[in-house]
Amino acid sequence: MKKLMLLTSGLALCAGMAVANDDLVTQMDDPSQWAIQTGDYKNQRHSKLDSINKENVGDLQVAWTFSTGVLRGHEGSPLVVGDTMYVHTPFPNIVYALDLADEGKIKWKYEPKQDPDVIPVMCCDTVNRGVAYADGKIFLHQADTKVVALNAEDGSVEWEVVNGDPSIGETNTATVLPVKDKIIVGISGGEFGVRGHVTAYNMSDGTQAWRAYSMGPDEDILVDPENTTHLGEPVGENSGTNTWEGDQWQIGGGTTWGWYSADLEENLMYYGTGNPSTWNPSQRPGDNRWSMTIMARDIDTGEAKWFYQMTPHDEWDYDGVNEMILTEQEVDGEERKLLTHFDRNGLAYTMDRVSGELLVAEKYDPVVNWTTGVDMDPESDTYGRPEVVAQYSTEQNGEDVNSTGICPAALGTKDQQPAAYDPETQLFLVPTNHVCMDYEPFRVSYTAGQPYVGATLSMYPAPDSHGGMGNFIAWDNINGEIKWSNPEQFSVWSGALTTAGGITFYGTLEGYLKAVDTATGEELYKFRTPSGIIGNVMTYERDGKQHIAVLSGVGGWAGIGLAAGLTNPNDGLGAVGGYAALSDYTALGGQLTVFTLPD
């Protein structure tokens with residue numbers, strides 16, 4: 001049976017390569033466009049455009065703006081494919097197609113009719129991280145989990161499929177990964193006891209190709225017990241259930257609402273799984289596999305090649321969903337295919353993306369204190385595990401005990417806001433949170449569709465530091481060290497962009513678009529947009545001129561107090577109190593701002 005499965009996988013690989021989405025690959029290779037949210041399959045968020053550079057970026061001007069007509073948090077970015085820009089919004093997830101050849105005229109508008117009852121079961125604002133393009137279609141994963149394929153030219157619906165059930169807490173905030181002949185999508189809802197999964201749908205008609213759960217029996221999580229590895233060792237049978245008590249895995253969390261990347265040569269896609277449910281660790285003894293895990297899966301079959309669980313038995317809600325950035329770099333004189341991941345737990349990991357070997361695991365904010373570090377000795381019984389500091393262990397301190405001074409806070413040293421990579425300097429440019437917390441777990445019972453959190457949190461700036469809640473840093477992933485760091489008053493909740501012009505762009509929660517020298521961090525430009533920026537900066541070229549574009553519209557977890565009108569400091573899972581001062585600097589909005597150099 002095993003030989004047959006391997007033979008089938010090999011045939012699928014050959015067939016899959018033949019139907020690879022050449023259209024999207026061609027568009028991604030053209031720097032004048034921005035055809036995928038992540039810039040490319042490697043998630044590098046780097047542009048080869050260089051007409052805006054260190055010498056002239058200070059002359060940037062606003063070229064044009066577009067109001068989305070929607071308030072609340074605007075994450076993600078527009079796409080540019082050919083002469084069309086595709087712009088999305090938070091709930092109700094409107095999609096606009098703007099004609100760049102006709103002064104941004106609206107070519108079409110798609111506005112889904114969603115039940116507003118989905119809003120209360122969306123954890124941390126009604127955000128959406130953008131649409132995807134492939135095969136002449138625009139793909140939208142709505143808040144209510146419906147995946148819709150729209151005709152890219154006229155906006156008509158070509159197919160749609162429902163990916164989850166909001167009545168039990170399943171929702172969506174993420175974009176999708178169009179790769180080869182498939183659309184790969186995740187699910188949100190870890191705070192409602194959802195069991196996470198990743199699903200591949202056939203791009204042509206929306207039929208399901210495969211689904212891989214984060215935890216459960218081997219056939220559910222798509223592993224081969226003898227050939228799927230964790231730190232080089234086979235995971236063995238029942239790896240997705242045997243570190244859970246009873247059937248707790250059925251409501252185990254491990255949701256998959258982050259960013260996905262792909263290596264077509266290896267036929268692998270990469271992503272991370274989120275926190276286990278509930279937030280009260282005493283109610284779920286064991287390692288809770290495979291929550292908090294980096295996963296490498298075969299694109300065609302979904303079968304797992306390797307896993308790495310970063311935070312076994314998570315006690316702090318350190319979701320592992322942040323992006324995996326793929327690079328080819330030299331390690332000890334040998335060029336290797338690498339994966340770099342900045343986890344919410346405050347550790348930055350560098351791994352061999354083919355084998356799953358762990359190469360580097362270091363703190364990327366010095367205040368991280370819940371762990372002394374990761375055991376890097378392959379001969380050790382605790383190889384790959386972080387050493388937990390008892391003082392900051394919410395389980396060791398016990399239920400109904402307020403553990404104080406834990407760094408980072410639950411929203412992590414970095415949440416989903418994506419980092420970028422600069423091939424010239426080999427630096428990673430990382431938006432970070434400089435935030436700590438108090439965390440009090442309490443016993444909670446599961447009811448489908450009701451919050452299943454079990455902890456009360458409060459958040460505040462890291463003490464004995466610069467007083468702000470964020471830093472924008474440059475990271476060396478080979479040596480595991482910060483090269484430079486710029487303090488920010490609030491968390492940097494915007495995705496970064498690097499360019500061949502030697503500059504890096506990012507946005508701030510106050511609403512500034514900033515440009516810095518990639519090599520040194522020197523600030524070269526800033527412009528204040530109408531609302532706080534939690535969107536991701538992108539770039540494209542039109543009529544021979546490079547443009548920079550970003551969505552502003554404060555919200556997300558950090559801005560949930562403003563976005564949802566919350567005032568109780570413990571609301572928003574502790575963020576409302578931590579970011580209360582944000583209302584002194586910005587207000588709700590929903591606008592795209594496009595910049596270019598003057599003629």
Side-chain angles (χ1 to χ4, degrees), residues 54 57-58 322 342-348 362-370 405-420 422 425 427-437 459-477 480-498 502-529 532-537 550 552 554 556-559 562 575 577-586:
K54 289 185 286 188
V57 67
N322 292 351
F342 298 92
D343 198 64
R344 282 213 344 220
N345 69 12
L347 298 170
E362 295 289 345
K363 299 176 183 180
Y364 63 104
D365 186 341
V367 304
V368 173
N369 63 13
W370 68 273
I406 302 169
C407 304
L411 42 66
T413 300
K414 189 179 84 63
D415 202 347
Q416 62 73 38
Q417 61 270 39
D422 178 59
T425 60
L427 291 176
F428 291 76
L429 289 305
V430 191
T432 73
N433 312 311
H434 195 55
V435 184
C436 302
M437 68 175 173
M459 301 184 189
Y460 40 84
D464 303 319
S465 186
H466 57 73
M469 302 179 75
N471 293 300
F472 190 77
I473 71 169
W475 179 258
D476 176 344
N477 70 321
E481 60 186 21
I482 297 171
K483 303 305 289 186
W484 55 258
S485 178
N486 289 353
E488 289 286 351
Q489 183 168 358
F490 296 101
S491 294
V492 186
W493 211 267
S494 159
L497 169 74
T498 63
I503 45 180
T504 297
F505 293 91
Y506 67 97
T508 75
L509 277 172
E510 305 100 299
Y512 285 105
L513 173 75
K514 292 190 174 184
V516 298
D517 184 312
T518 300
T520 67
E522 179 189 357
E523 186 175 297
L524 304 173
Y525 174 81
K526 70 176 182 178
F527 178 90
R528 192 160 189 172
T529 66
I533 297 176
I534 63 169
N536 305 329
V537 189
V550 68
S552 61
V554 72
W557 193 354
L562 275 173
Y579 292 84
L582 190 55
S583 61
D584 294 336
Y585 293 88
T586 192

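Nothing here was measured: the structure is a model prediction, and the numbers come from that model. Because only heavy atoms are used, hydrogens play no part in the values below, and waters and symmetry mates are left out as well, while side chains stay in.
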request  = Evaluate the criterion side-chain contact (heavy atoms from CB on, under 4.5 Å) for residue pair Trp493 and Leu411; output intermediate values, then yes/no.
outcome  = CA-CA 11 Å; Trp493 211 267; Leu411 42 66; 4.1 Å; yes
Give the C-alpha distance, both sets of side-chain angles, the deciding distance and a yes or no for side-chain contact (heavy atoms from CB on, under 4.5 Å) between Arg528 and Glu510.
CA-CA 8 Å; Arg528 192 160 189 172; Glu510 305 100 299; 4.2 Å; yes
*Check against side chain to side chain donor-acceptor pair (under 3.5 Å), Thr504 and Thr518*: CA-CA 5 Å; Thr504 297; Thr518 300; 2.8 Å; yes
**OP:** Take Tyr506 and Val516, measure what side-chain contact (heavy atoms from CB on, under 4.5 Å) needs, and give me the verdict at the end.
**Re:** CA-CA 9 Å; Tyr506 67 97; Val516 298; 4.1 Å; yes
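Note that CH2 of Trp557 and OH of Tyr579 are 9.0 Å apart. Values are rounded to the nearest 0.5 Å. Within the model, atoms OG1 of Thr425 and NZ of Lys483 stand 10.5 Å from one another, a figure rounded to the nearest 0.5 Å. In this structure, OH in Tyr460 is found 8.5 Å from CE in Met437, a value given to the nearest 0.5 Å. Note: His434 NE2 to Thr413 OG1 = 9.5 Å, rounded to the nearest 0.5 Å. Between Trp475 atom CH2 and Leu427 atom CG the span is 11.5 Å, to the nearest 0.5 Å. To the nearest 0.5 angstrom, Phe505 atom CZ is 12.0 Å from Leu429 atom CG.
Residues Gly535 and Ser494 come closest through the heavy atom pair O-OG, 2.8 Å. Across all their heavy atoms, Ile503 and Lys54 have their closest contact at CG2-CG, 3.7 Å. When all heavy atoms are compared, the tightest approach of Pro408 to Gly346 is CG-N, 4.3 Å. Pairing each heavy atom of Asn369 with each of Gly405, the nearest pair is ND2-O, 2.9 Å. Residue Asn536 comes nearest to Gly495 through the heavy atom pair OD1-N, 2.9 Å, listed as atom of the first residue, atom of the second, then distance. What you find for Ala580 and Ser583 is that their closest heavy atoms are O-OG, 3.2 Å.
Checking side-chain atoms of Asp422 against main-chain N and O of Thr498 turns up no donor-acceptor pair under 3.5 Å. No donor-acceptor distance shorter than 3.5 angstrom exists from the side chain of Thr529 to the backbone of Ser552, with no hydrogens or angles considered. Using a distance-only test at 3.5 Å, with no hydrogens or angles considered, no donor-acceptor pair links the side chain of Tyr512 to the main chain of Ile533. The backbone N or O of Asn345 lies less than 3.5 Å from a partner atom in the side chain of Trp370, making a donor-acceptor pair. Between the Ser491 side chain and the Met469 main chain, a donor and an acceptor come within less than 3.5 Å of each other.
Residue Asn433 is tested with Arg344, Gln417, Lys414 for a side-chain hydrogen bond (donor to acceptor under 3.5 Å, both in side chains); the sole match is Gln417. Of the options Leu509, Thr508, Val550, a side chain to side chain contact (heavy atoms under 4.5 Å, CB included) to Ile534 is made by Leu509 and by none of the others.
The number of heavy-atom neighbours closer than 6.0 Å to CG of Asp464, taken from other residues, nucleotides and ligands shown, is 12 or below.
Partners of Lys363 by salt bridge (charged side-chain N to carboxylate O under 4.0 Å, His left out), not counting sequence neighbours: none found. Listed by chain and number, the residues in a salt bridge (charged side-chain N to carboxylate O under 4.0 Å, His left out) with Lys526 amount to none (sequence neighbours excluded).
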